[in-house]
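Quick note: residue numbers are just sequence positions, from 1.
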Amino acid sequence: MVSAAFINPLSEDGKQIVREMGSLDEIYDQNADLIEVITRSQSQEISDIPVNHVDLAIKRIEWYVTRNNKDHDYKVYNFLFNKGITRFDVISFYILCQAIGIRYGPNSRESRVMVESQGKIIENRLGKLSKAERGEVVNTILNSLLTQATIKWTFFEDLLSSKKLKLQDLILDKGQIILDREEFLERFSDRINHRDPEKMYELLIGEKIKELITIKMVMQKTEDYMNAVYEKAQREIEPNPLLLEVAEKVSRVLSESVQTYGYGGGGGVGVKASPLAPKAFPPCVKKVLEGMRSGGRNDAIILFLTPFISYARLYPGVFAENVTKRVSDVDPNLNAVQNEILPMIFGAAERCSPPLFEDQPQEKVNINAKMGFGMHDTIEIKNEGETLWYTPMSCEKVKIHLPSLCKPDKTCKTIGNPLSYYNRMKREIKKGGAGEEGDNGKGADGKGDGAGEAPPKG
């Protein structure tokens, strides 16, 4: 039988494991039992394995941020999906939550990565269990988390508001969430015509919805636990130095992942974040920066310039890597956003005729939204993810929606996106000894680059 703690460290089984451990004093001590479990994991690469609880905690984060990297070796991390790791994994989970909660708080990049990584680990662990094991452990966890016989949709208010779960993922009847097979058949059999109600249950709910709810609820519980740790830490004088050390290790892993291959993977393909090079801007961007004096003022600033400037500064290799990132993944403290990106966008808005914000100040909110920070007056990490960080509009869309901007030069004729132009020109400038690193010519120059709408899928 699979322990519930393997999927939900915050279960009673998981809490009992923590109680039995007691002090944190031994988290750096080499653990022979842990090493044995890891080395016996199927197809495990044993050249670089964790030897204590802290090593295991860092490997959890490392697996998450490198899993999409083309050089990622899954054999290095096979132990994470071995049921025998449960006792050690639970301790490492709590170490991470406490370290991140104390040091960085609930609205940090580290906190978000911890929550997302826990969800992805659960998803992969469930995928490696047999159908019977998966069903048993999911039902056990749901029975402990869903304490009411009748579940109103409002029970998932936190999940829905945080966008971890969508209302359309659920089957509702009179405001109640239907998960149980028998209940589904009792409520809907008479309403289903020309289809087998049993098959409809499997199609609409089945195990997939139960697993989704399990994953999302554990993610929410993880976030809630770190929030509680943070609030408690504010009332204490001296945080545990061992936990602060773990927190620094987590931050270093995230920073290294951005510098090497970008958060979430990507293998280092394409170009890296670097200061803006205005000399490399395409004609359309230069025109907007001068200030729009004709129609299309709003779209030029909000839909065109904002995505271009933010990606050119922070993630110019987006089309080459094809991996979704958030602004804070490459600008953790939002320094570049506040000191470079927004001033350039606001300057262009001010040079419009009439100045954009003079008669439409609400457009500042739309700028924030296009960079992924929701419909708010100010850009704050806690709001990131409420909207998407829009990718730069393609040349084809510029021609259609903002034709006054499109005055192509000879370079324009060989690319499909203004960001591709920028990357290519940076490379040419560098060859002349006056610029910075440009793109590698792969992916970013394709005619289908970007849509000016949703970012690529990771």
For this session: Take Asp224 and Gln220 through the side chain to side chain donor-acceptor pair (under 3.5 Å) test and state the conclusion after the steps.
Result: CA-CA 6 Å; Asp224 293 344; Gln220 187 63 54; 3.1 Å; yes
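- With hydrogens and angles disregarded, a donor-acceptor distance shorter than 3.5 Å links the side chain of Arg125 to the backbone of Phe6.
- Here Tyr104 and Tyr230 keep their ring centres 6.0 angstrom or further from each other.
- Counting only distance, with no hydrogens or angles, the side chain of Ser41 and the backbone of Ile38 share a donor-acceptor pair below 3.5 Å.
- In Gln234, the CD atom is crowded: over 12 heavy atoms of neighbouring residues, nucleotides or ligands sit closer than 6.0 Å.
- Across all their heavy atoms, Pro418 and Ser394 have their closest contact at CD-C, 4.2 Å.
- In terms of modelled atom types and a separation under 3.5 Å, the side chain of Arg424 and the main chain of Tyr421 share no donor-acceptor contact.
- Closest of all the heavy-atom pairs between Val137 and Val2 is CG2-O, 4.1 Å.
- Contact record, Met375 with Glu386: N-OE1, 4.5 Å, taken as the closest heavy-atom pair.
- Heavy-atom contacts from other residues, nucleotides or ligands closer than 6.0 Å to CG of Asp377 number 12 or fewer.
- With salt bridges taken as basic N to acidic carboxylate O contacts below 4.0 Å, one links Arg40 and Glu36.
- More than 12 non-hydrogen atoms from other residues, nucleotides or ligands lie less than 6.0 angstrom from CD of Gln338.
- Look at Arg112 and Asp329 and you find a salt bridge, because one of the NZ, NE, NH1 or NH2 atoms lies within 4.0 Å of a carboxylate O, short of that distance.
- Between Trp389 and Tyr311, a ring centre-to-centre spacing shorter than 6.0 Å is recorded.
- The aromatic rings of Phe79 and Tyr77 are tilted relative to each other, their planes meeting at an angle between 30° and 60°.
- A salt bridge between Arg326 and Glu116 is present, with a side-chain N of the basic residue lying under 4.0 Å from a carboxylate O of the acidic one.
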Review item, side-chain donor-acceptor pairs of residues 45-53, under 3.5 Å, at least two apart:
{"from": "Glu45", "atom 1": "OE2", "to": "Ser47", "atom 2": "N", "distance (Å)": "3.1"}
{"from": "Glu45", "atom 1": "OE2", "to": "Ser47", "atom 2": "OG", "distance (Å)": "2.9"}
{"from": "Asp48", "atom 1": "OD2", "to": "Lys59", "atom 2": "NZ", "distance (Å)": "3.0"}
{"from": "Asn52", "atom 1": "OD1", "to": "Val54", "atom 2": "N", "distance (Å)": "3.1"}
{"from": "Asn52", "atom 1": "OD1", "to": "Asp55", "atom 2": "N", "distance (Å)": "2.7"}
{"from": "Asn52", "atom 1": "ND2", "to": "Tyr28", "atom 2": "O", "distance (Å)": "3.1"}

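- Formation of a donor-acceptor pair under 3.5 Å by the Glu384 side chain with backbone atoms of Val327 is found in this model.
- Arg109 contributes no side-chain N or O that, together with a main-chain N or O of Pro332, makes up a donor-acceptor pair within less than 3.5 Å.
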For this session: List the steps and the verdict of salt bridge (charged side-chain N to carboxylate O under 4.0 Å, His left out) for Arg60 and Asp89.
Result: CA-CA 9 Å; Arg60 278 172 134 263; Asp89 181 72; 2.8 Å; yes
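- In this structure, Arg19 places its CZ atom where more than 12 heavy-atom neighbours from other residues, nucleotides or ligands lie under 6.0 Å away.
- Taking each heavy atom of Ile102 and Val229 in turn, the nearest pair found is CG1-CG1, 3.7 Å.
- With Leu24 as the fixed residue, the side-chain contact (heavy atoms from CB on, under 4.5 Å) test singles out one of Asn240, Ile91, Val246: Asn240.
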For this session: Check step by step if side chain to side chain contact (heavy atoms under 4.5 Å, CB included) holds for Phe319 and Thr391.
Result: CA-CA 9 Å; Phe319 298 127; Thr391 51; 4.2 Å; yes
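- Comment: Glu248 engages Arg103 in a salt bridge, judged by a side-chain N to carboxylate O separation of less than 4.0 angstrom.
- Remark: Lys120 is not positioned above the aromatic ring of Tyr64, lacking an NZ or CZ atom under 6.0 angstrom from the ring centre and at most 45 degrees off the axis.
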